[in-house]
K.L.:
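One structure, as structure tokens, below. Some questions next.
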2 protein chains.
Amino acid sequence: MGTLNEFQSGRDLSMEGLCTRLLERHREIVRIKKPHVAVANLARIVETTLTIANRKGFHSMSLRDLAEGSGLSMGGLYAYFDGKETLLMMILDTVAAAVDEVLGAPPPDLAGDPRARLRWLLETHVYLTEAMQPWFTFAYMEAKAFPQAGRDAATRSELATEALIADILADGVARGVFRVADVTMTAALVKPLLQDWYVKRSKYRRRGVTPERYARSVIAFVEAAVTPPADRSPTAP
Amino acid sequence: MGTLNEFQSGRDLSMEGLCTRLLERHREIVRIKKPHVAVANLARIVETTLTIANRKGFHSMSLRDLAEGSGLSMGGLYAYFDGKETLLMMILDTVAAAVDEVLGAPPPDLAGDPRARLRWLLETHVYLTEAMQPWFTFAYMEAKAFPQAGRDAATRSELATEALIADILADGVARGVFRVADVTMTAALVKPLLQDWYVKRSKYRRRGVTPERYARSVIAFVEAAVTPPADRSPTAP
DNA sequence: AAAAATCGAGCGAGCGCTCGCTATTTTATG
DNA sequence: CATAAAATAGCGAGCGCTCGCTCGATTTTT
């Protein structure tokens, strides 16, 4: 099993890397010409937004707060987005894109091994959400309270992850490795275990729980629930 | 195992019953003298608040929205609370009180049976949150974004429930009924399974999942994770 | 000197909240 | 038992303020 340090997503998940791709997806909204200027300021804007919004909510963050925190002026901000709602959407779709990119590319050599695929998915999800913790907290907290497009995107992303889990479980059942009464229901129950890592991150930090340990715990918990009793006898591997 | 219909909490969880107790706890704030008038209008105020806030967030609900929805005027509302924030607190502490009252009173005859206690707790939690679903959704969504006192209350309530789970697990381990590597960690993982029921209620409704079935699934999932392998062999009961 | 980036005072809309007032019910009085 | 007096409940225009957003002026870069 891997560790957070070994975790290689094949994607740059740093603030700069994420904002570079954010800029590419929104060239027609960001009115700044020089990419290095745009990316640098987007990074400060997003960083500040995540910090303030995760403390008191996106709605309660005023653009004056954001201007002060990011070092730009009120008017300056509007060269980077055309409204507060657009800023929200930019952040939300950056999270969704990261999920697609990272979880959508499992190592091909695991294809025939449902147990390994499940471990990889759970572990990678924990490490991904650890690397982008403020982004995921933001998306989780704000997606519900905002306009239809945002809600839909969040729902779709959530269901996509659930479908990945369900797919692995179904494969495992077909191969006789797992025993699961209801694949859809079980997948639905696994999802909140993954979300808890970033939703309650501060609780786990306070308790000194590392990402590695959390991933191990979730894997053990889920595997116990899907492994046929016969394979779990104390003498089995 | 019980069903939602048989579920008797020993407390009136109807809107009227809850608002009656809410009024008792806040007599010095509610300036309406006649209890039957106060309770009736509080019920309409709270009902409207939960509906609007769960759709677009408490912060985005204006008191004009609330006045229109509840049938009172702007000024009239202020006879029932002394500010928007107080209204929030009234609702949050009603939820906390209900949790204490219902989960704090397990059937005494289960005392010696950790497995039965665990089942009762999980089942009762699902039924309680089903009966007060809009209240719990509201508390979950709004507690974080609001003032210190609210955050603290939410954290304390959350940890209290977790402690109830941990207590049962520890008892089960001591009696050799459960096998759990880390009681605190496992309790932490059970909590989000219970929260998912009201946080994602609409998803489960869309899929036709009943409270009974959800409770059964969670119980099966958790029991698989805490039952020693030996007791799970196909020949065991 | 042209282009790009940034500035910040100012706008109208909408917010939470107040207050002088009316309408209704309860109580006191001859 | 009428009715005056007091208490209670409710009203909604309007206040001060902050919000998201705009735009002509200004600074910085090339």
Side-chain angles (χ1 to χ4, degrees), chain A residues 19 23 26-46 48-49 52-53 55-91 142 145-147 149-150, chain B residues 19 23 26-49 52-53 55-91 142 145-147 150:
Chain A
C19 286
L23 175 62
H26 297 284
R27 277 240 183 276
E28 70 288 0
I29 287 172
V30 180
R31 303 204 317 275
I32 301 302
K33 303 293 171 67
K34 290 176 246 184
H36 75 278
V37 175
V39 169
N41 280 328
L42 278 172
R44 303 170 55 127
I45 290 169
V46 170
T48 307
T49 300
I52 299 178
R55 194 176 57 238
K56 58 179 190 175
F58 183 73
H59 219 94
S60 298
M61 176 193 76
S62 75
L63 292 184
R64 285 167 182 79
D65 293 339
L66 178 55
E68 189 180 4
S70 64
L72 287 173
S73 66
M74 284 290 293
L77 290 177
Y78 275 80
Y80 293 87
F81 49 77
D82 59 15
K84 202 185 177 191
E85 190 179 307
T86 300
L87 173 60
L88 174 76
M89 290 311 210
M90 285 173 164
I91 298 178
E142 307 299 344
F146 255 94
Chain B
C19 285
L23 175 62
H26 297 284
R27 277 239 184 274
E28 71 287 0
I29 287 172
V30 179
R31 303 204 317 273
I32 300 302
K33 303 293 171 70
K34 293 179 237 186
H36 74 277
V37 175
V39 169
N41 280 329
L42 278 172
R44 303 168 53 118
I45 290 169
V46 171
E47 181 90 55
T48 307
T49 300
I52 298 178
R55 194 175 57 237
K56 58 180 190 172
F58 183 73
H59 220 95
S60 299
M61 176 192 77
S62 76
L63 291 184
R64 284 165 184 83
D65 292 340
L66 178 55
E68 189 180 4
S70 65
L72 286 173
S73 64
M74 284 290 293
L77 290 177
Y78 275 79
Y80 292 87
F81 48 77
D82 59 14
K84 201 186 178 192
E85 191 179 306
T86 301
L87 173 60
L88 173 77
M89 290 308 210
M90 285 175 165
I91 297 178
E142 308 298 345
F146 256 94

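So you know, we letter chains A, B, ... as the sequences are listed, proteins then strands, and number each from 1.
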K.L.:
Measure from the side-chain N and O atoms of Arg31(A) to the backbone N and O of Tyr78(A), and report whether any donor-acceptor pair falls under 3.5 Å.
P.N.:
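Side chain of Arg31(A) to backbone of Tyr78(A), a donor-acceptor pair under 3.5 Å: yes, one is there.
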
K.L.:
Restricting to non-hydrogen atoms, name the atom on Tyr80(A) and the atom on Ile29(A) that form the minimum distance, rounded to 0.1 Å.
P.N.:
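For Tyr80(A) and Ile29(A), the tightest heavy-atom pair comes out as O-CG2, 4.1 Å.
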
K.L.:
How many whole angstroms separate atom CG of Asp65(B) from atom P of dG14(C)?
P.N.:
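From Asp65(B) CG to dG14(C) P: 12 Å.
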
K.L.:
Give the rounded distance in Å between these two atoms: NE2 of His36(A) and P of dT28(D).
P.N.:
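Going from NE2 in His36(A) over to P in dT28(D) covers 16 Å.
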
K.L.:
Heavy atoms, side chains only, cut-off 4.5 Å: are Val30(B) and Met90(B) in contact?
P.N.:
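Yes, their side chains come closer than 4.5 Å.
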
K.L.:
Of all the heavy-atom pairs spanning Glu142(B) and Leu88(B), show the shortest one and how long it is.
P.N.:
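For Glu142(B) versus Leu88(B), the nearest heavy atoms are CB-CD1, 4.0 Å.
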
K.L.:
Report which part of the nucleic acid Asn41(A) touches: base, sugar-phosphate, or nothing (heavy-atom distance under 4.0 Å, all strands).
P.N.:
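Here Asn41(A) touches the backbone only, sparing every base.
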
K.L.:
Is a salt bridge present between Arg55(B) and Asp65(B), judged by a nitrogen-to-oxygen distance below 4.0 Å?
P.N.:
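Here Arg55(B) does not pair with Asp65(B) in a salt bridge, since their nearest N and O are not under 4.0 Å apart.
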
K.L.:
What integer distance in Å separates Ile32(B):CD1 from dT24(C):C1'?
P.N.:
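Going from CD1 in Ile32(B) over to C1' in dT24(C) covers 13 Å.
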
K.L.:
Are any of the side-chain heavy atoms of Asn41(A) and Ile32(A) separated by less than 4.5 Å?
P.N.:
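Of all side-chain heavy-atom pairs linking Ile32(A) with Asn41(A), none is under 4.5 Å.
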
K.L.:
Specify the angle, to 10°, made by the local axes at the two ends of the helix from dA1(C)-dT30(D) to dG30(C)-dC1(D) when five pairs are taken at each end.
P.N.:
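For the helix from dA1(C)-dT30(D) to dG30(C)-dC1(D), the axes at opposite ends meet at about 10°.
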
K.L.:
Round to the nearest Å and state the distance from Lys33(B) atom NZ to dA9(D) atom C1'.
P.N.:
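Distance check: Lys33(B) NZ to dA9(D) C1' gives 11 Å.
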
K.L.:
Whole angstroms only, please: what is the CG-C1' distance between Leu63(A) and dT6(C)?
P.N.:
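Taking CG of Leu63(A) and C1' of dT6(C), I get 16 Å after rounding.
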
K.L.:
By a strict heavy-atom criterion of less than 4.0 Å, which residues belonging to residues 73-85 of chain B are in contact with DNA chain C?
P.N.:
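Listed by number, they are Met74(B), Gly75(B), Tyr78(B), Gly83(B), Lys84(B).
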
K.L.:
Verify, without hydrogens or angle tests, whether Lys84(B) (side chain) and Phe58(B) (backbone) share a donor-acceptor contact under 3.5 angstrom.
P.N.:
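Indeed, once roles are kept as given, a pair shorter than 3.5 Å links the two residues.
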
K.L.:
I need the CE-C1' distance between Met61(B) and dC15(C), as an integer number of Å.
P.N.:
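Going from CE in Met61(B) over to C1' in dC15(C) covers 12 Å.
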
K.L.:
Looking at residues at least two apart in the chain, or sitting in another chain, which of them share a side-chain contact (heavy atoms from CB on, under 4.5 Å) with Ser73(A)?
P.N.:
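Here no residue qualifies.
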
K.L.:
Calculate the interatomic distance between Leu72(A) atom CG and dT26(D) atom C1'; express it in whole Å.
P.N.:
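Going from Leu72(A) (CG) to dT26(D) (C1'), I get 16 Å.
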
K.L.:
What does Arg64(A) touch in the nucleic acid at a heavy-atom separation under 4.0 angstrom: a base, only the sugar-phosphate, or nothing?
P.N.:
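The answer is base, as Arg64(A) lies within the cut-off (heavy atoms under 4.0 Å) of a base atom.
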
